[in-house]
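One structure is given here, and the rest of the page talks about it.
Order of appearance sets the numbers: ligands from 1, and atoms from 1 within every ligand.
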Amino acid sequence: MNPDFIIIGSGIAGLNLALSAAKKGKVLIITKKRAVESNTNRAQGGIAAVLAKTDDFKKHVKDTMTAGSYHNNKKAVEYMVERGPKVIQNLIDLGLEFTTSGGVIDLGQEGGHSHRRIAHVGDFTGQEIEKILVQKVKENSKITVWENTFALELIVKNKICNGVQIIKKGKIENIYASAVIIATGSIGQLYRYTTNSKISTGDGIAMAMRAGCKTKDLEFIQFHPTVLDKNINPKFLLSEALRGEGAVLRNSKGEIFMKSIHPQAGLAPRDIVSRAIWKELEKGPVYLDITGENSEMVRTRFPNIYKTLLKYKYDLTKDRVPISPAVHYSCGGIKVDLHGQTCIKNLFATGEVTHTGVHGANRLASNSLLEALVFSEEITDKLKKRKGKSEAFAKPSITEEKGAQIRKRIRELMWKYAGVIRTKKGLVKLQKELGKLEKLFPSSSKTNITLAETKNMLTVAKKITSSALKRDKSLGCHFITN
Ligand code: FAD
Ligand code: SIN
């Protein structure tokens, strides 16, 4: 295989980019599990875009900036919001059938939005997007997909990226290309409780850091306020769209406590709702309650959530469901410009792994799929084929050792000290404990996928901690008390 462009990751960002990059050359997508295994596949609520006649770009920009505590890059926000309707149309052209009502796209409501603007496919939007994109990619003769292939290291020399070192079928190989694009998604598995797929171990950020890339705003880890309170990994999400259709949050006394906390009550931005739930949980369980709404509407609008909850013995139309917040999204990431360019030549990044500046200190609901669609396409203009790209690159060998214990410890420590509410003392302790874990890794140059992922988790955990320690005042998702 002699690709022109290598894309690491087969979520919405990697797949969407592959379709446009294939117009310029041969594309190889490498992905560490099956192609559909991604956070994209788990997305429920939908994609935010200005589609209603009564809505406008300025309102979407303002909502995004308000949710982000005005820490956002306004130019990037405007760039993304203005391209929203176009990327929705592109998905429709690819064959995606959004849920409609009266012949037009049905628009959902989510936290922090001043207007109904969430295009969705029932409550399984991500699964449908992933299905269509994977199908289109597999039909394209210019694109090859290598599943169960792990990106271990970027091949970088003199600040130029020449390819990727991979683990495929238990062997380490070097693959060279004119450009490499990181689309590896999130970091959720660094924490004990998360909505994120098990693929979310921060590999892209760690690899990019080792190669010399800059990261930004990694302290802003977003918690989703409402996941089913069951000890499962990943946690099952109860979409914010439920609150958009009338669900309320009740404390152990049955009170709708958000009413006294924010004018938008349960539909306030996520950081505010998560903190309020966190405090209520100290007193007793918290519930999501949609029993006041029409049962037929609940079953047809939320078929996936309804069916899944039945397995856990909750009937959404009759029962209050116990919830808690869990780690959901990384607002920061690899620093890129609006065309996905990192500070290394021929190395780009796209999707959740990046920091484009659109989310500020707390992402607005359903802006993530939008960001991935808008900015992934922008990279294509910058892709160029070139000659003489191969370089000798040392290959480590494979070991049997596993990092399971270290991984468990990282997840516990991050949950305890870098969570919804942080203290300086806790973060200092976290930094020390993570430092101790580093010494437990085998010192040889041998590796394997679990070990490599665990090392990546530790690298990113340390970076989140040091970024959080540098920010001594609370902002958005980073909330620090004494
Ligand atoms: P992903 O979709 O996570 O894809 C990452 C890819 O990289 C995967 O294929 C993975 O296998 C691969 N990969 C990772 N590391 C390696 C490696 N070392 N080697 C090879 N491959 C690798 N956002 C919204 O806007 N609206 C929603 O409704 C919504 N709902 C959500 C619900 C849930 C439960 C979750 C978890 C997230 C939700 N989000 C939502 C967020 C959104 O889904 C993600 O931010 C987005 O899908 C990220 O896309 P991505 O392509 O960047 O990464
Ligand atoms: C949800 O459906 O609540 C998730 C939406 C998002 O993460 O933007």
Subject >> Atom indices of ligand 1 within 4.0 angstrom of Tyr329 heavy atoms, with elements >> reply: 45 (O)

**OP:** Classify the contact between Asn367 and ligand 1 as side chain, backbone, both or neither, using a heavy-atom distance cut-off of under 4.0 Å.
**Re:** backbone

Subject >> Contact summary for Val327 and Asn196, nearest pair of heavy atoms >> reply: O-ND2, 4.2 Å

**OP:** Would you confirm whether Glu371, through its side chain, and Phe375, through its main-chain N or O, come within 3.5 Å as a donor-acceptor pair?
**Re:** no

Subject >> Asp203 and ligand 1 - part of the residue with a heavy-atom distance under 4.0 Å >> reply: side chain

Original post:
Is the shortest distance from a heavy atom of Ser366 to ligand 2 less than 4.0 Å?
Top reply: yes

**OP:** Under 4.0 Å, heavy atoms only, figure out whether ligand 2 is touched by the backbone of Gln222, its side chain, both or neither.
**Re:** neither

**OP:** Write out the residue and atom name of the closest protein heavy atom to atom 2 (O) of ligand 2, then the distance separating them to 0.1 Å.
**Re:** Ser239 OG, 2.7 Å

**OP:** To the nearest 0.5 angstrom, please state how far the OG atom of Ser368 sits from the CG atom of Asn39.
**Re:** 8.5 Å

Subject >> Check: Ala241 N/O within less than 3.5 Å of ligand 2 N/O >> reply: no

**OP:** Please determine if Lys33 has a nitrogen or oxygen closer than 3.5 Å to a nitrogen or oxygen of ligand 1.
**Re:** no

**OP:** Scan side-chain atoms only and decide if Asn72 and Thr64 contain a donor-acceptor pair under the 3.5 Å cut-off.
**Re:** no

**OP:** Could you label the plane-to-plane angle of the Tyr193 and Trp415 rings as parallel, tilted or perpendicular, counting under 30° as parallel and over 60° as perpendicular?
**Re:** perpendicular

**OP:** Identify, for atom 5 (C) of ligand 2, the protein heavy atom at the shortest distance, and state residue, atom and that distance.
**Re:** Arg270 NH2, 3.1 Å

Original post:
Distance from Lys32 atom NZ to Thr201 atom OG1, nearest 0.5 Å?
Top reply: 3.0 Å

Subject >> Proximity to ligand 2 by part of Leu237, non-hydrogen separation under 4.0 Å >> reply: side chain

Subject >> Any donor-acceptor pair under 3.5 Å from Gln44 side chain to Ser239 backbone >> reply: yes

Original post:
Can you tell me if Glu130 uses its side chain to pair, donor with acceptor, with the backbone of Ser38 under 3.5 Å?
Top reply: no

Subject >> Any donor-acceptor N/O pair, Arg411 side chain to Gln189 backbone, under 3.5 Å >> reply: yes

Subject >> Gln222 and ligand 1 - part of the residue with a heavy-atom distance under 4.0 Å >> reply: neither

**OP:** With heavy atoms only and a cut-off of under 4.0 Å, state how Glu352 meets ligand 1: side chain, backbone, both or neither.
**Re:** both

Original post:
Please state which protein non-hydrogen atom is closest to atom 7 (O) of ligand 2 and give its distance, to 0.1 Å?
Top reply: His328 NE2, 2.7 Å

Original post:
Counting each atom of ligand 1 from 1 as listed, which ones have a heavy atom of Gly351 under 4.0 Å away?
Top reply: 52 (O)

**OP:** Taking only heavy atoms of Ser38 into account, list the atoms of ligand 1 that are under 4.0 Å away from them.
**Re:** 1 (P), 2 (O), 4 (O)

**OP:** May I ask you to decide if the ring planes of Tyr329 and His359 are parallel, tilted or perpendicular, using 30° and 60° as cut-offs?
**Re:** perpendicular

Original post:
Can you find an N or O of His224 that's nearer than 3.5 Å to an N or O of ligand 2?
Top reply: yes

